[in-house]
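One structure below.
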Amino acid sequence: MAGTKEIKTHMESVRETRKITNAMYLIASTKLRRARQELDNTRPYFEALRGEIKRIFRTVSDVDSRYFYPIGDDTPLEGTYGCLVITADKGLAGAYNQNAIKEAMRLLDQHPDTKLFVVGEYGRRFFASHGIPIERSFLYTAQNPTMARAREISALLLDGYDRGELRQIFVVYTDMAGAMSFQARSTRLLPFHRSHFAPPEGERAVTEPFEFLPSVTAVLDSMMASYVSGFLYSALIDSFCCEQNARMTAMDSANQNAEKLLGELSLQFNRVRQAGITQEITEVSAGAMAQRQKHRKER
């Protein structure tokens with residue numbers, strides 16, 4: 001059985017670990033609030049952009065664009081797909097990274113001819129260790145999603161799509177389903193279904209003529225590049241928020257386990273100390289009794 005010294009050392013180690021997990025919890029909560037604020041600041045622009053794209057379809061419903069499926073045709077396209085996988089740079093976030101990896105592997109199993117574009121050190125290490133080739137690894141950290149980085153990723157993916165190297169593009173990210181819940185999902189980014197920008201049912205079509213320069217297709221294609229950047233930025237922020245949410249949950253669980261372990265160690269320490277005191281009292285009493293017996297014999 002461990003002595004009091006060993007138990008005290010163990011308790012001190014648990015306390016130091018609890019300090020670290022508590023600090024990580026506070027850091028994650030601060031990053032989460034900041035990321036949500038940044039997303040809220042940029043969301044109105046992209047909501048307005050989506051509204052303008054809907055207005056184009058209300059005006060010219062049969063517009064042709066390479067970024068959309070043809071009217072009435074939803075047939076899966078053959079050829080090479082592109083998949084952007086968003087993971088974290090490190091673990092200690094529960095099942096956050098594993099869920100994103102599982103979703104990416106499911107997509108690879110369904111369509112092996114898929115090129116991977118990876119954000120996050122965890123994803124890079126996983127695919128490298130399993131011998132899965134990566135088309136492009138974005139080496140900047142996943143801890144600081146910015147609009148500039150979203151535009152860089154968007155430009156690379158759109159370039160491959162416009163040149164016909166990528167027939168479809170998917171994004172594997174983690175979406176916040178609620179305040180304390182999240183889910184890894186794969187979303188087809190390109191081509192879009194026209195229903196994604198369809199006006200609400202019952203809304204009247206635009207009757208006033210609009211003039212698009214140089215053409216309605218050129219205007220729509222120009223807007224779609226900005227919309228794709230906004231979607232990717234939203235996916236980066238959502239994933240980052242989910243990562244911090246998962247880390248907060250993991251660190252809170254670690255703090256609770258530390259409190260429970262400290263309680264058990266404190267109880268064990270008290271028992272061992274009490275046993276030691278009892279043993280010392282017993283030894284002193286036995287010694288005193290032996291001395292009294294010795295004095296009686298000498299008399």
Side-chain angles (χ1 to χ4, degrees), residues 17-39 42 82-108 114-157 169-177 180-187 189 229-255:
T17 302
R18 184 181 58 179
K19 290 180 182 179
I20 296 174
T21 56
N22 187 57
M24 293 181 67
Y25 175 88
L26 297 176
I27 291 172
S29 64
T30 301
K31 289 182 177 180
L32 177 61
R33 288 195 301 270
R34 186 181 305 163
R36 282 178 172 172
Q37 184 62 43
E38 291 177 358
L39 184 61
T42 57
C83 180
L84 175 67
V85 185
I86 302 175
T87 63
D89 291 325
K90 56 186 178 181
L92 299 177
Y96 168 80
N97 288 301
Q98 290 80 2
N99 291 338
I101 293 296
K102 287 179 182 178
E103 194 64 27
M105 295 303 296
R106 184 185 66 81
L107 188 62
L108 285 174
T114 299
K115 294 182 178 180
L116 293 177
F117 301 83
V118 182
V119 174
E121 185 62 30
Y122 190 98
R124 289 192 286 268
R125 289 198 306 264
F126 176 86
F127 292 119
S129 63
H130 288 75
I132 300 175
I134 298 175
E135 180 68 17
R136 173 69 180 271
S137 178
F138 300 96
L139 297 180
Y140 44 72
T141 175
Q143 294 293 310
N144 186 25
T146 62
M147 192 63 213
R149 291 173 177 175
R151 289 194 178 100
E152 178 186 343
I153 299 172
S154 174
L156 180 66
L157 295 177
I169 297 177
F170 291 83
V171 180
V172 174
Y173 69 104
T174 309
D175 183 34
M176 293 196 72
M180 295 301 292
S181 60
F182 49 89
Q183 178 183 7
R185 62 174 59 190
S186 60
T187 300
L189 179 59
S229 298
F231 183 92
L232 292 180
Y233 179 65
S234 177
L236 289 170
I237 291 288
D238 276 340
S239 295
F240 180 69
C241 288
C242 291
E243 177 195 348
Q244 302 310 318
N245 196 351
R247 183 160 290 115
M248 287 173 58
T249 301
M251 294 303 102
D252 184 58
S253 178
N255 289 336

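- Within the 3.5 Å criterion, the main-chain N or O of Gly230 finds no donor-acceptor partner in the side chain of Ser234.
- For the pair Leu156/Arg136, a side-chain contact is recorded, criterion being any heavy-atom separation below 4.5 Å from C-beta on.
- Taken to the nearest 0.5 Å, the CG atom of Leu157 stands 5.5 Å off from the CZ atom of Phe117.
- Interatomic distance, NZ of Lys115 versus CD1 of Ile134, reported as 14.0 Å (0.5 Å rounding).
- Rounded to the nearest 0.5 angstrom, Thr30 OG1 and Leu26 CG are separated by 6.5 Å.
- For the ring pair (Phe, Tyr, Trp, His ring centres under 6.0 Å) test, residues two or more places apart in sequence or in another chain that qualify with Phe170 are Tyr81.
- The distance from atom OH of Tyr122 to atom CD of Gln98, rounded to the nearest 0.5 Å, is 4.0 Å.
- Around the CZ atom of Arg34, the shell of radius 6.0 Å holds no more than 12 heavy atoms that belong to other residues, nucleotides or ligands.
- Nearest heavy atoms, Phe240 versus Tyr96: N-OH, 4.4 Å.
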For side chain to side chain contact (heavy atoms under 4.5 Å, CB included), just list the numbers for Leu232 and Leu84, CA-CA rounded to whole Å, side-chain angles, deciding distance to a tenth of an Å, and then say yes or no. CA-CA 9 Å; Leu232 292 180; Leu84 175 67; 3.7 Å; yes

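- Two residues are said to be in side-chain contact when any heavy atoms from C-beta on lie closer than 4.5 Å; Val172 and Cys83 meet this criterion.
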As a quick check of understanding, evaluate side chain to side chain contact (heavy atoms under 4.5 Å, CB included) for Ile132 and Met105, giving each step before the final call. CA-CA 10 Å; Ile132 300 175; Met105 295 303 296; 3.7 Å; yes

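- Of the possible polar contacts, none joining the Thr114 side chain to the Leu108 backbone as a donor-acceptor pair under 3.5 Å is found.
- Residue Phe126 forms a side-chain contact (heavy atoms from CB on, under 4.5 Å) with just one option from Asn97, Thr87, Val85, Ile101, and that option is Ile101.
- Judged as a side-chain hydrogen bond (donor to acceptor under 3.5 Å, both in side chains), and not counting sequence neighbours, the contacts of Asn255 are Thr21.
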Set out, in order, the CA-CA distance, both residues' side-chain angles and the distance that settles side chain to side chain contact (heavy atoms under 4.5 Å, CB included) for Leu116 and Glu135, then state yes or no. CA-CA 5 Å; Leu116 293 177; Glu135 180 68 17; 5.7 Å; no

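- Not counting sequence neighbours, the partners of Asn99 by the side chain to side chain contact (heavy atoms under 4.5 Å, CB included) test are Ala95, Ala184.
- The nearest pair of heavy atoms linking Gly123 to Val118 is C-CG1, 3.9 Å.
- Counting heavy atoms from C-beta on, the side chains of Ile86 and Thr174 never come closer than 4.5 Å.
- Met147 contributes atom CE, which lies 7.5 Å from atom OG of Ser154 (distance to the nearest 0.5 angstrom).
- Look at Glu152 and Arg149 and you find no salt bridge, because none of the NZ, NE, NH1 or NH2 atoms lies under 4.0 Å from a carboxylate O.
- Taking CZ of Phe231 as the start and CG of Asp238 as the end, the distance is 9.0 Å to the nearest 0.5 Å.
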